[in-house]
Protein chains: 2
Amino acid sequence: MTARRIPEATVARLPQYLQALVEAADAGRRTVSSEDLARASGLTSAKVRKDLSFLGSYGTRGVGYAVEELTTEISTVLGLTDDRPVVIVGIGNLGRALASYDGFSRRGFRVEALVDADPTKIGTQVGDHVVQPAAQLPDLVRDRGITIAVLATPAGRAQAVAAEVVAAGVTAILNFAPVHLDVPEHVSVRTVDLSTELQILSFYEQLGQVSAAAS
Amino acid sequence: MTARRIPEATVARLPQYLQALVEAADAGRRTVSSEDLARASGLTSAKVRKDLSFLGSYGTRGVGYAVEELTTEISTVLGLTDDRPVVIVGIGNLGRALASYDGFSRRGFRVEALVDADPTKIGTQVGDHVVQPAAQLPDLVRDRGITIAVLATPAGRAQAVAAEVVAAGVTAILNFAPVHLDVPEHVSVRTVDLSTELQILSFYEQLGQVSAAAS
DNA sequence: CTTTGTGAAATCCTTCACAGCG
DNA sequence: CGCTGTGAAGGATTTCACAAAG
């Protein structure tokens, strides 16, 4: 029974299961229980089972899930069966780090090109790539079939760059600029703001201090 | 009516409001409506109002929220009234980028020290800091009153480092390693996994393609 | 006897819609 | 009249608890 609609919350957890499955495979395991997956991801086994039930992928009662089968299933659902080409726009500190980050390549993505607007950066070598001028962006995206863009530009440039990559055919954006991006409905955006993350932590940290003081 | 318990989902949005308020202030605005904040953050005005109502902070009917007052209120709730010292552990590509990232300092955090286990990195200069040996970690955390650690170590080291910083007194961890960290209950963890973000995007991107093909 | 798969209950979050205040 | 603040309704997500399968 493949493919009911998969809830958003479940989708967000599938990568973690994938991660846990790869580890299990590396450890030589052929099956894992929902309890195993739960422990590896810091969740509850009931949640794991519910999530996996949306895939329609079957475990075996009394045994668990076949590691290899479930890995394939999740990879397929996530669209990771072939490497997906990615362009990184904005080669500052963060862009450079992302360009050299091997986690992307090891998990289904291929950094295909680096782009920056700053003339002094163009032509410089970063990792395996030469930084290309922003004017090349539309051609690059079209010619190489790129559908995913990673934006590490200054906040002030992000919206304009987003519009540009979308016009060129990108349909998914991972945005590191601390701004909300307005994009057409068919485009997905995820914004990762490092300061935001710290600020959220700050709240809970303070909360702990307060309640500890109160007790 | 200050301080009912603030829902998790609301807490996660407060930094965005803060961001929007700073922009409004820079633009010379003295008040903003929930509709303004909604537009700036890509949310609905009803959600903004509900969120802000949890702070107990009052807007003025017919007018909106006083920019300065609300900024102070949110900063206080998030515990950002003073700069908080942060240690970055793991000075690889990503750690280096984070160390030089000025967004942290501009939004309430102060990078206080950089630490790495690799002897060849120790003593090297990164931004304003000299990389210190991992053995110094407990002393650094204690002596400088550090309560927040940013982990950019290899996945295999993250859990051990987490245990170490927690033992030294850290109560909040921003984790960039793609692993679940087990920590005591009084410690908050947020894990940001860049590949995970791309994988989630990949799902929705594929979904769009499929449903476009079907139509 | 173990572990999945899932209805039903409980909880959390969002949206609606409007009373009420300035 | 404009915009906030909020009950109430509606959805989504999580948890519970257990029947069913190997």
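The chains referred to below are lettered A, B, ... by the order of the sequence lines, with proteins before strands, and numbering in each begins at 1. If you're wondering where the values come from, they're calculated on a predicted model, not measured in any experiment.
Formation of a donor-acceptor pair under 3.5 Å by the A/Thr196 side chain with backbone atoms of A/Val192 is not found in this model.
In summary, contact between chain A and DNA chain C, defined as any nucleotide atom under 4.0 Å from a heavy atom of the protein, begins and ends at C/dT2 to C/dA8 in the 5' to 3' direction.
Legend: residues meeting salt bridge (charged side-chain N to carboxylate O under 4.0 Å, His left out) with A/Arg157, ordered by chain and number and at least two apart, are absent. Partners of A/Tyr101 according to the ring pair (Phe, Tyr, Trp, His ring centres under 6.0 Å) rule, which considers only residues two or more places apart in sequence or in another chain, are A/Phe104.
The heavy-atom pair separating A/Tyr17 from A/Leu37 by the smallest distance is O-CD2, 4.4 Å. Between B/Thr191 and B/Ala177, the shortest heavy-atom distance links the atoms CG2-O, 3.7 Å.
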Can you tabulate the close N/O pairs, meaning under 3.5 Å, that link protein atoms to atoms of nucleotides 5-7 of chain D?
unit_1: D/dG5; atom_1: OP1; unit_2: B/Gly59; atom_2: N; d: 2.6
unit_1: D/dG5; atom_1: OP2; unit_2: B/Tyr65; atom_2: OH; d: 2.8
unit_1: D/dG5; atom_1: O4'; unit_2: B/Arg61; atom_2: NH2; d: 3.2
unit_1: D/dG5; atom_1: N7; unit_2: B/Arg49; atom_2: NE; d: 2.8
unit_1: D/dG5; atom_1: O6; unit_2: B/Arg49; atom_2: NE; d: 3.4
unit_1: D/dG5; atom_1: O6; unit_2: B/Arg49; atom_2: NH2; d: 3.0
unit_1: D/dG7; atom_1: O6; unit_2: B/Lys50; atom_2: NZ; d: 3.4

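No side-chain heavy atom of B/His180 sits less than 4.5 Å from a side-chain heavy atom of A/Gln16.
Once rounded to the nearest 0.5 Å, the distance linking CD of B/Gln206 with OG of A/Ser188 reads 11.5 Å.
For B/Ser105 and B/Asp102, the side-chain atoms include no donor-acceptor pair closer than 3.5 Å.
Among the heavy atoms of the strands, none lies under 4.0 Å from A/Ser45.
If you find the closest nucleotide of DNA chain D to A/Val63 and to A/Glu8, the one lying nearer the 5' end belongs to A/Glu8.
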Worked check of salt bridge (charged side-chain N to carboxylate O under 4.0 Å, His left out) between B/Arg107 and A/Asp193: CA-CA 11 Å; B/Arg107 299 220 259 142; A/Asp193 181 350; 2.6 Å; yes
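Annotation: proximity of residues 16-43 of chain B to DNA chain C (heavy atom, distance under 4.0 Å) is found for no residue.
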Review item, side-chain donor-acceptor pairs of residues 78-97 of chain A, under 3.5 Å, at least two apart:
unit_1: A/Arg84; atom_1: NH1; unit_2: A/Gly79; atom_2: O; d: 2.7
unit_1: A/Arg84; atom_1: NH1; unit_2: B/Ser202; atom_2: OG; d: 3.3
unit_1: A/Arg84; atom_1: NH2; unit_2: B/Glu205; atom_2: OE1; d: 2.2

